[in-house]
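Read the structure below first, then the notes.
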Amino acid sequence: KRSELLSERPFDSNLPWNSILAWKTYLIDPLNETDGNIEYRSPLKQDDVVFQDQWEEIRGFNDVVNIAFGGNVMDVVYVGGSLNVTNVNYHSSKTYHEQAAEGNQSSFNELNFDEIYNAYGTGVSLGLGVILKPVQFLRVGVAYQSPTWNSIDEDYSAYMNSKFIIPNESGFAEYDTPINTFSYRISSPQRLTGSLGFVLGNVGIISADVDWVNYAGMRIHGSNSYRKLFSDINNAVENSYRNTVNARLGGELKLDKFALRA
């Protein structure tokens with residue numbers, strides 16, 4: 001609505017932020033408002049030509065620190081576990097630029113639009129496993145991988161400036177957004193694995209694994225301000241994803257100095 005554009009705090013409204021920036025830098029001009037919908041006028045004239053460029057820089061990392069332990073009882077029961085700590089660091093900087101061609105009819109000359117997005121996060125997960133060797137040729141294993149519980153903090157800001165060629169006037173305008181922050185917690189699927197392995201003397205090995213993966217259990221949570229948003233996402237995940245079973249069968253055949261695997 002026009003009243004939202006004219007308010008002292010337009011970024012508190014539901015209007016797109018890039019539209020607010022364009023309004024504040026004279027790149028769009030509201031004409032008519034009908035049932036809350038605004039018609040806009042561009043500063044460009046028909047047949048005007050502009051040259052467009054865009055640059056984007058993305059950098060970051062996603063690493064895992066793993067602390068593991070293991071042991072066995074009389075070479076019959078083998079146990080192991082791990083504590084995994086993940087770190088996420090993501091940065092994106094994007095610049096969009098327009099330059100008017102010579103000979104245009106309008107006074108528009110140039111615009112720059114910068115967007116900066118950052119995301120930081122830390123996660124933790126647990127892994128536990130047991131292998132039983134009741135007899136020499138048989139291995140029975142069970143392993144559990146917990147969800148990775150991630151806590152993510154995001155921030156976004158944008159800046160826009162425009163330049164118009166206006167005789168005897170300053171044709172430069174600029175405006176920037178506040179820094180918008182958004183925090184949430186998200187959990188990945190958990191996984192349960194059962195396995196069997198048969199040792200065929202010195203000839204080879206046959207192994208089989210079955211995974212149960214809880215995709216439908218992925219969840220996102222955050223502040224009460226976004227309760228409905230998070231609830232809608234979780235409902236969509238629960239309705240769109242299913243728990244999945246994966247089965248794998250493999251073997252190894254030893255041939256003197258070589259081994260064949262399938």
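As the structure is a prediction and not an experimental result, all values here were calculated from the model.
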Task: Nearest-0.5 Å distance that lies between atom CE in M218 and atom CD in Q190 - done: 12.0 Å
TODO: Tell me, with the steps shown, if V142 and L192 meet side chain to side chain contact (heavy atoms under 4.5 Å, CB included).
DONE: CA-CA 8 Å; V142 177; L192 182 65; 4.3 Å; yes
Open item on the list: Checking the side chain of T244 only, and the main-chain atoms of R242 only, is there a donor and an acceptor separated by less than 3.5 Å?
Closed with: yes
- [ ] Look only at the side chain of S231 and the backbone of R227, and say whether a donor-acceptor pair between them is shorter than 3.5 Å.
- [x] no
Open item on the list: If I take atom CG from residue D53 and atom NE2 from residue H97, how far apart are they, to the nearest 0.5 angstrom?
Closed with: 7.0 Å
Task: Member of N112, D176, D114 meeting the side-chain hydrogen bond (donor to acceptor under 3.5 Å, both in side chains) criterion with N161 - done: N112
Open item on the list: Given 3.5 Å as the limit, does a donor-acceptor pair link the side chain of S82 with the main chain of N84, or not?
Closed with: no
Task: Side-chain H-bond candidate by donor/acceptor type, E115 with Y96, under 3.5 Å - done: no
Open item on the list: Return the CZ to CD1 distance between F172 and I166, rounded to the nearest 0.5 Å.
Closed with: 13.0 Å
Open item on the list: Using modelled atom types and a 3.5 Å cut-off, is there a donor and acceptor pairing between side-chain atoms of Q145 and backbone atoms of L126?
Closed with: yes
- [ ] Please name the pair of heavy atoms, one in I28 and one in S19, separated by the smallest distance, quoted to 0.1 Å.
- [x] CD1-O, 3.6 Å
Task: Side-chain donor or acceptor of S188 paired with backbone N/O of T148 under 3.5 Å - done: yes
- [ ] Output yes when a side-chain donor or acceptor of T177 lies under 3.5 Å from a complementary backbone atom of A158, and no otherwise.
- [x] yes
Task: Considering all heavy atoms, the nearest L27-P43 contact - done: O-CD, 2.8 Å
Open item on the list: Would you say the rings of F182 and Y226 are close, in the sense that their centroids are separated by under 6.0 Å?
Closed with: yes
Task: Sub-4.5 Å side-chain heavy-atom contact between F108 and Y26 - done: no
Open item on the list: Does any part of the side chain of I58, heavy atoms only, come nearer than 4.5 Å to the side chain of K94, both counted from C-beta?
Closed with: no
Task: Close side-chain approach of Q54 and Q52, heavy atoms under 4.5 Å - done: no
Task: Interatomic distance, N243 atom CG to Y215 atom OH [nearest 0.5 angstrom] - done: 10.0 Å
Task: V49 backbone acceptor or donor facing N104 side chain under 3.5 Å - done: yes
Open item on the list: Under 4.5 Å between side-chain heavy atoms, counting indirect links through other Ile/Leu/Val/Met/Phe/Trp/Tyr residues: same cluster for L196 and F137 or not?
Closed with: yes
Task: Test item: D48 side-chain N/O and Q105 main-chain N/O as donor-acceptor pair under 3.5 Å - done: yes
- [ ] Say whether, by atom type as modelled, one donor and one acceptor occur between the side chain of Q99 and the main chain of N109 under 3.5 angstrom.
- [x] yes
Task: Neighbour count above 12 (heavy atom, 6.0 Å) for Y241 OH - done: no
TODO: Treating Ile, Leu, Val, Met, Phe, Trp and Tyr as nodes and any side-chain heavy-atom pair under 4.5 angstrom as an edge, say whether F69 and Y144 lie in one connected cluster.
DONE: no
Task: Gap separating the CD atom of E56 from the OG1 atom of T95, nearest 0.5 angstrom - done: 9.5 Å
- [ ] To the nearest 0.5 angstrom, please state how far the CG atom of N150 sits from the CG atom of N87.
- [x] 10.0 Å
TODO: Report yes if some heavy atom in the side chain of K133 is under 4.5 Å from a heavy atom in the side chain of N72; otherwise report no.
DONE: no
Open item on the list: Determine whether Y184 and E154 satisfy the following criterion, side-chain hydrogen bond (donor to acceptor under 3.5 Å, both in side chains), listing intermediate values before the conclusion.
Closed with: CA-CA 9 Å; Y184 56 93; E154 300 180 354; 2.8 Å; yes
Open item on the list: Given Y120, which partner from the list V88, I152, D155 fulfils the side-chain contact (heavy atoms from CB on, under 4.5 Å) test?
Closed with: D155
- [ ] Check V64, I67, T122 against V85 for a side-chain contact (heavy atoms from CB on, under 4.5 Å) and give me the one that passes.
- [x] T122
- [ ] Assess whether atom CG of L128 is packed by more than 12 heavy atoms of other residues, nucleotides or ligands within 6.0 Å.
- [x] yes
Task: Derivation and outcome, side-chain hydrogen bond (donor to acceptor under 3.5 Å, both in side chains), residues T193 and D211 - done: CA-CA 4 Å; T193 303; D211 288 335; 2.5 Å; yes
Task: Closest non-hydrogen atom pair, W17 against F11 - done: NE1-O, 3.6 Å
Open item on the list: Donor-acceptor check, side chain of T25 to backbone of S162, threshold 3.5 angstrom: yes or no?
Closed with: no
TODO: Determine, using the 4.5 Å side-chain heavy-atom cutoff (strictly less than), whether V76 and L132 are members of one ILVMFWY cluster.
DONE: yes
Open item on the list: If you compare all heavy atoms of P147 against all heavy atoms of S187, which two are closest, and at what distance to 0.1 Å?
Closed with: CB-CB, 4.2 Å
Open item on the list: Less than 3.5 Å apart, any donor N or O on the side chain of S183 or D153 sitting next to an acceptor on the other?
Closed with: yes
